[in-house]
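Read through the structure below, which is laid out as structure tokens, and then see the notes.
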Amino acid sequence: MKTKLLAAALLVLVPTGAAQAMDVATFLAKADALEKQGMMALMSSDYKLLKSEIETQAAALRAERLAALRAGRKAAYCPPAEQSMTSGEILAAFRTIPAAQRRRLQVRDALRALMARKYPCRG
């Protein structure tokens, strides 16, 4: 019982900032700074952060898409069995978003829009 109370107390104490999604403006600012570092960027904690952000949001979008299909709803995008997307492709898509909207748009939403354009559902 004490263990459950301690676990619940720790969950309350976890900072909420860690769970917040990254906006596109922040993502691009970090990516631009990394591009200036060249090969040294691979050692940066920001590189790992951006890579993790894309992986986490892509996994969440996959789960969202599969849940929609299971519920009989239309998915936002319909990828082929074998899909790939380069970091350059993601950055190029994010850079097309008007600067005024980048602070309000989360990486997940921008990634969803990119996937919907690249892998539209037919029929």
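Taking CG from L111 and CG from L61, the interatomic distance works out to 5.5 Å, rounded to the nearest 0.5 Å. Distance check, rounded to the nearest 0.5 Å: CD of E35 to OH of Y47 gives 12.0 Å. In this structure, CZ in R62 is found 10.0 Å from CE in M115, a value given to the nearest 0.5 Å. With rounding to the nearest 0.5 Å, the separation of NZ in K30 from CG in D46 is 4.0 Å. Annotation: the span from Y77 atom OH to E64 atom CD amounts to 7.5 Å, rounded to 0.5 Å. Here the straight-line distance linking atom CG of L34 with atom CG of L28 works out to 11.5 Å at 0.5 Å rounding.
Looking at R103, its side chain never comes within 3.5 Å of a backbone N or O of A99 through a donor-acceptor pair. Counting only distance, with no hydrogens or angles, the side chain of T56 and the backbone of E53 share no donor-acceptor pair below 3.5 Å.
Only one option out of M85, K118, R65 pairs with P79 in a side chain to side chain contact (heavy atoms under 4.5 Å, CB included); it is R65.
Listed here is the closest heavy atom pair of A68 and A75: CB-CA, 4.5 Å. In this structure, Q37 and S44 approach most closely via the heavy-atom pair OE1-CB, 4.0 Å. The minimum heavy-atom distance between M43 and K48, with the atom names listed, is O-NZ, 3.7 Å. Between A110 and L105, the closest heavy-atom pair is CB-CD2, 4.0 Å. Taking all atoms of both residues into account, the shortest heavy-atom contact from A93 to R117 is CB-NH2, 3.8 Å.
Using a 4.5 Å cut-off between side-chain heavy atoms of Ile, Leu, Val, Met, Phe, Trp and Tyr, with links allowed through other members, L42 and L49 fall into the same hydrophobic cluster.
Between L91 and F27, the closest side-chain pair of non-hydrogen atoms falls below 4.5 Å. At least one side-chain heavy atom of M22 sits less than 4.5 Å from a side-chain heavy atom of L50.
Classification of R95 and D32 as a salt-bridged pair holds, one side-chain N sitting under 4.0 Å from a carboxylate O.
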